[in-house]
Amino acid sequence: TQMKDTERLVVDNIAPTATITYNDPVQNTNNISYYDKDVNASIQITEANFYSEDVNIEVNGSKQKLNNWKQNGDTWTGSLTLSKEGEYIIKISYIDRSNNKMKTYTSSEIIVDHSNPVINVAYSPNKVVNTANGIKYYNSAQIATISVIERNFRADEIAANITAVDVNGKAVGVENYAQYLSKRSNWIKNGDVYTANIKYSTDANYTFKIEYEDLAGRKVQNNVEDKFTVDKTAPKNLRISYSQNVFQNVLNSITFSYYNAPVTVTISAEGNDA
């Protein structure tokens, strides 16, 4: 009597192994990879008795199913693409049908950022009393509200250049303003918008320039560069003098409703205009 094989006997005591590779990020900082484009993850699993349905792939805790596995001997390769803006963690685990467990793979944080940062600056009370050569003149202190729209904001990436000089060309100390903006604790977060305020209270001519490049290498396209003057001080010793004909002018105007004598008005004052 001959014995007939009724089932296949598989002896497998080797655990699956995995290798995961990615396209290059813009940079990797503090174990976080920053991308300005799609992330392509290539997943290679070496397993003699491979079943794709036994591979557990999770992205941020959500299971993913790959249908693009390709075989090369005992190595199977699949690919996963992350294209939507966001922060990601990839986790891969696998237990083969002989109950051999692969060492679980967990990625470091992956950030996909397709958007350029945007900077807006608004002044308050922003009541311009004069404008000359592109310079705005204010007669009151100004509060600048700086807003940065950026998903992955880092205050130390802010590049601010702020200068101020008085009417005599002497520098007014504003170097601490840039330091203030470089500290994350001075910014208020509201979604993807980060806001900070600085106050220009000293009479001076100001220049304000701010730039930003995020960790995905994307730069602000609307870099802000403002020039303005704050002059809160009223003129001193205001004097008005008239020419000798002013009395006759007034008399003619009152009596006959006209005047024809020339008049010269001289106004002089001492001011601290910046």
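Remember, it's a predicted structure, so these values are computed and weren't measured experimentally.
- Enclosure of atom CG in Asn190 is not indicated, since only 12 or fewer non-hydrogen atoms of other residues, nucleotides or ligands lie within 6.0 angstrom.
- Side-chain polar atoms of Ser115 and Glu85 form a donor-acceptor pair below 3.5 angstrom.
- Residue Pro16 comes nearest to Asn100 through the heavy atom pair CD-O, 3.5 Å, listed as atom of the first residue, atom of the second, then distance.
- Between the side chains of Asp74 and Thr46, not a single donor N or O lies within less than 3.5 Å of an accepting N or O.
- Between the side chains of Asn120 and Ser147, no donor-acceptor pair is found at a separation under 3.5 Å.
- In this structure, a donor-acceptor pair under 3.5 Å is present between the side chains of Asn126 and Tyr138.
- Under 3.5 Å, the side chains of Tyr123 and Asp226 contain a donor-acceptor pair of N or O atoms.
- Each of Asn186, Thr145, Ile146 was compared with Thr195 under the side chain to side chain contact (heavy atoms under 4.5 Å, CB included) criterion, and only Thr145 meets it.
- A donor-acceptor pair shorter than 3.5 Å can be found between the side chains of Asn56 and Glu58.
- With 3.5 Å as the limit, one finds no donor-acceptor pair spanning the side chains of Ser42 and Ser79.
- Residues Asp214 and Asn152 fail the side-chain proximity criterion, which asks for heavy atoms closer than 4.5 Å.
- Annotation for Ile20: atom CD1 counts as buried by contact number, over 12 foreign heavy atoms lying within 6.0 Å.
- More than 12 heavy atoms of other residues, nucleotides or ligands sit less than 6.0 Å from atom CG of Asn222.
- Note: Tyr200 and Phe228 meet the aromatic proximity criterion, with ring centroids under 6.0 Å apart.
- Residue Asp156 places its CG atom among more than 12 non-hydrogen atoms of other residues, nucleotides or ligands, all under 6.0 Å distant.
- Of all heavy-atom pairs between Leu215 and Val26, the closest is O-CG1, 4.0 Å.
- Counting heavy atoms of neighbouring residues, nucleotides and ligands inside a 6.0 Å radius, atom CG of Asn68 exceeds 12 of them.
- What you find for Tyr22 and Tyr105 is that their closest heavy atoms are OH-OH, 2.7 Å.
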